[in-house]
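Only one structure is covered here, and it is reproduced in the block below.
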Number of protein chains: 2
Amino acid sequence: MSDASRMASIAALLGDPARANILSALMDGRALTAKELAFAARVSPQTTSGHLAKLTEAGLLDAARQGRHRYFRLASPLVGQMLEAVMAVAGPDERHGAPWRGGEALRTARTCYDHLAGRLGVGLADTLVARGHVVLGTDGGEVTADGQAFLRDFGADPPAGRRVFCRPCLDWSERRLHLAGRIGAALANRCFALGWLERHRDSRAVRITAEGQAGLVEVFGVRL
Amino acid sequence: MSDASRMASIAALLGDPARANILSALMDGRALTAKELAFAARVSPQTTSGHLAKLTEAGLLDAARQGRHRYFRLASPLVGQMLEAVMAVAGPDERHGAPWRGGEALRTARTCYDHLAGRLGVGLADTLVARGHVVLGTDGGEVTADGQAFLRDFGADPPAGRRVFCRPCLDWSERRLHLAGRIGAALANRCFALGWLERHRDSRAVRITAEGQAGLVEVFGVRL
DNA sequence: CGCACGCTTCGGCCGCCACCGAACCGTGCG
DNA sequence: CGCACGGTTCGGTGGCGGCCGAAGCGTGCG
């Protein structure tokens, strides 16, 4: 089995439109269920199941059972880089000559469910941890009394509910933790409300406004 | 036409074994004829012609007519990077856990026909130009009297023959010129004879020995 | 000029694979 | 329990695309 034929078998997996849709939907690092991916791929659940089996078999996806669901995510950053590289070649034809910038934008700042990820998300988490406002480990997290006060001052009121309050979330592009749970959502909501961040039209990438640049540096010491 | 479907159509091109062989054969930056590529792909010339048409149509290859031959090469460094990224995902299964290093090795130093390319080839050319030993432009090259003497001292005797003496060759990975022609071959041969370089078993990548490291710095001021 | 050669086009064959309907497990929930 | 639901397996079908033989076109060389 030569280099070329191994490359071909991997590329053939990306070469099917349904599978390409699946991988594309996972490029922001989220973990989605088989059914959600079936919807994204625009094919039936049975067909999707076959595709997912092939992709995990080839090591492109990781699968995790949870209750009666099965969550799929990209198996490694290497896979994401490969997808970006193909996008970079496939992209330029569209608008004008600009290479595909989506990957860079996603790595800088994006939403992950209802909280923030990418360099921005990790940067915020780092600051809060460094200041002793938050304690964050791979298996859980906690907000200190100082942190509660700080976040209240900042205007980040966590929504009421039974969801876990403070939770770590593994960041795909940074390979480090960022802040999830109700407190992660509160932080993100406040940033949007302040006009610091703007949602992109049809991507999970997030644009940082001029006010955002200034505010993030002043309040969190985060400069991107 | 979404990002994902454009990605799929590109990836589908890489996903066929014959086309993967073709692209793989071109990864060192050489330009090969349709027939040579047919041999590399292990399919008939007719079939190869179809594949080459698809690949050039998609912008992955550049074609140049020359006499009754047609030379194909990778259209851009972006394409090479994409191939490397796919190799990086496809490769690790093989030996042990090591990621695929072929791309980096090829960019550092490789043979291009019978002369040297990559950072090494470009570095040598730069030095010779900077010292006034060689004049090199996109449409031709010349060795000065000083250069003749220098190369004689170095032991690089150009083989006799009717081939052009000094010629530039566009380097794929560096996007700059390196030295080809009889003088380029002489330089490469001398480096191999001195034990500065060793050919890799089944790749055009070239290994620089310890003596080579020292000698290249001393004689050419080239450090990689 | 004529043959050889490189490359391309056309036509038809064949195999592979994506796709879905139907039926089958297992989990969760009332 | 029994139903609902997520996910998977199986079987059959259809279509796309790779493949080569044969024939066509242009270039180069004796």
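Convention: sequence-line order gives letters A, B, ...; per-chain numbering from 1.
Under 4.0 Å is where a charged nitrogen must lie from a carboxylate oxygen, and between Glu142(B) and Arg167(B) no such pair does.
Rounded to whole angstrom, the span from the CG atom of Asp16(A) across to the P atom of dC20(C) amounts to 11 Å. Between the P atom of dG7(D) and the CD atom of Gln66(A) lies a distance of 12 Å, rounded to the nearest Å. Rounded to whole angstrom, the span from the CD atom of Glu57(A) across to the C1' atom of dT9(D) amounts to 16 Å. If you take CG of Leu32(A) and C1' of dG7(D), they are 16 Å apart, rounded to a whole angstrom.
In this structure the side chain of Leu55(A) reaches within 4.5 angstrom of the side chain of Leu13(A), judged on heavy atoms. In this structure, the side chains of Val134(B) and Cys166(B) come closer than 4.5 Å at one or more pairs of heavy atoms. Counting heavy atoms from C-beta on, the side chains of Asp157(B) and Leu151(B) never come closer than 4.5 Å.
Between the side chain of His69(A) and the main chain of Gln66(A), no donor-acceptor pair closer than 3.5 Å is present.
Listed pair Lys54(B) / dG18(D) meets the phosphate criterion, a side-chain N or O lying under 4.0 Å from OP1 or OP2.
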What does nucleotides 4-11 of chain C look like as a protein-contact string, B for base, S for sugar-phosphate only, - for none, at under 4.0 angstrom between heavy atoms?
BBSSBB--
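The residue Arg19(B) sits close only to the backbone: its heavy atoms come under 4.0 Å of sugar-phosphate atoms, none of a base.
Here the side chain of Val43(A) is nearest to one of dC19(C), dC20(D), dG18(D), namely dC19(C).
Side-chain contact check for Glu36(A) and Thr33(A): at least one donor-acceptor pair (N or O, by modelled atom type) lies under 3.5 Å.
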